[in-house]
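All values below were derived from every heavy atom in this structure, side-chain atoms included, with hydrogens, water molecules and symmetry-related copies excluded. Since this is a predicted model, take the numbers as computed values, not measurements. Start at 1 with the first residue, then count along the sequence.
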Amino acid sequence: RNDEPTAVMSSVSQNEGVLASGTVVSEIELSSVDVFTDGSGNVLTAGSQYSYALTGSDAQDFEAVYDALTDKVLVRVKDGVTHTTDHEASSTLDINLVVTYDTNETVTFVVPTDVVDVNEAPSFVLSSRGQAFAGLSMSSTPLDGVSGRVEASDVDAGDVLAYSINDAGAVLSGSVYTFVGDYGSFLLNSQTGGFTYEVDPSLAGSQEVPGGETVTETVSIIVTDSSGATDSTTVTFAVAARNDEPTAVMSSVSQNEGV
């Protein structure tokens, strides 16, 4: 009986995402203490003395192909096929190389692979996209206001998220951004995403709104991860203008005393 072959294996690192057809994920060099020859006495290479098959949960999209130039077996994505990887789900592929030798004997090797993590942008959760608040009024005493929170997530472990206001007029003090809009002031916590909006009828924009009308104020918020990738959302506030109290021009009508 011939001895089973041994293997020197190395992964070919690939970034997570879509692997195109033909992408090589591992290279395997097989060797054996036994020398195989053909009928003419020529020494057979690994390409002709062995046959190959792949097993494992990811194997269906891959093939094992002998490369005569390097005398190695390449594990690559099949022609006409793509394969999607996700580092957060698994940093390796589940593929085994089954080598048949000596007619019907087999040996199985775990194929080394490396799925490289790529930074992915944060994303605002659905409930934080396009929040809208109605029912605010410039006539309220004390001043009308509302509070809330925007929230984002990031699949990359350890990423720190920071929230900011997408307006050059926003001012950061400590961990809080302040933005004075047309009809009120907006405060945003850069660490938690918590915010408040307070109507300010003294602002020029508020005073220009005709009585009885409702106007909207929209604030754009950005979330940024540790690598600088971003996502954005908006928060909108509907504010009813106050009706100014009437003024009066008065004059007396003089009357003599008596009945």
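- A distance-only check finds a donor-acceptor pair linking the side chain of Ser226 to the backbone of Val160 [under 3.5 Å].
- Here the side chain of Ser13 pairs no donor or acceptor atom with the backbone of Asp114 at under 3.5 angstrom.
- In this structure, Leu126 CG and Thr233 OG1 are separated by 10.0 Å, a value rounded to the nearest 0.5 Å.
- Side-chain rings of Tyr101 and Tyr50 stay apart, their centers remaining 6.0 Å or farther from each other.
- Side-chain atoms of Glu88 never come within 3.5 Å of backbone atoms of Asp156 as a donor-acceptor pair (strictly under, hydrogens ignored).
- Using a 4.5 Å cut-off on side-chain heavy atoms (C-beta onward), Val99 and Pro5 make contact.
- Side-chain contact between Val219 and Phe237 is present, with heavy atoms from C-beta onward closer than 4.5 Å.
- Residues Asp71 and Tyr66 have side chains that bring a donor and an acceptor to within less than 3.5 angstrom of each other.
- At least one donor-acceptor pair closer than 3.5 Å links the side chain of Asn189 to the backbone N or O of Thr192.
- Within the 3.5 Å criterion, the main-chain N or O of Gly17 finds a donor-acceptor partner in the side chain of Thr85.
- Inter-residue side-chain proximity for Leu54 and Asn96 is flagged as unmet; no heavy-atom pair is nearer than 4.5 Å.
- Side chains of Thr6 and Ser31: a donor on one and an acceptor on the other come within 3.5 Å.
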Problem - Test side chain to side chain contact (heavy atoms under 4.5 Å, CB included) applied to Arg129 and Ser123, step by step - result: CA-CA 10 Å; Arg129 293 193 174 278; Ser123 178; 3.3 Å; yes
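- Looking only at side-chain heavy atoms (C-beta outward), Val12 and Val25 stay at 4.5 Å or farther from each other.
- Between Leu143 and Pro201, some side-chain heavy-atom pair lies under the 4.5 Å cut-off.
- Atom OG1 of Thr23 and atom CG of Asn15 lie 11.0 Å apart (nearest 0.5 Å).
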Practice task
Just do the side chain to side chain contact (heavy atoms under 4.5 Å, CB included) check on Phe62 and Leu93 with the steps written out, would you?
Solution key: CA-CA 11 Å; Phe62 293 83; Leu93 296 168; 3.7 Å; yes
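- In this structure, a donor-acceptor pair under 3.5 Å is present between the side chains of Thr236 and Thr218.
- Note: Phe109 CZ to Tyr52 OH = 10.0 Å, rounded to the nearest 0.5 Å.
- Judged purely by atom type and a 3.5 angstrom limit, Glu217 uses its side chain to pair as donor or acceptor with the backbone of Gly184.
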Problem - Trace of the side chain to side chain donor-acceptor pair (under 3.5 Å) decision for Arg149 with Ser127 - result: CA-CA 10 Å; Arg149 180 171 180 253; Ser127 60; over 6 Å; no
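- No donor-acceptor distance shorter than 3.5 angstrom exists from the side chain of Asp94 to the backbone of Asp58, with no hydrogens or angles considered.
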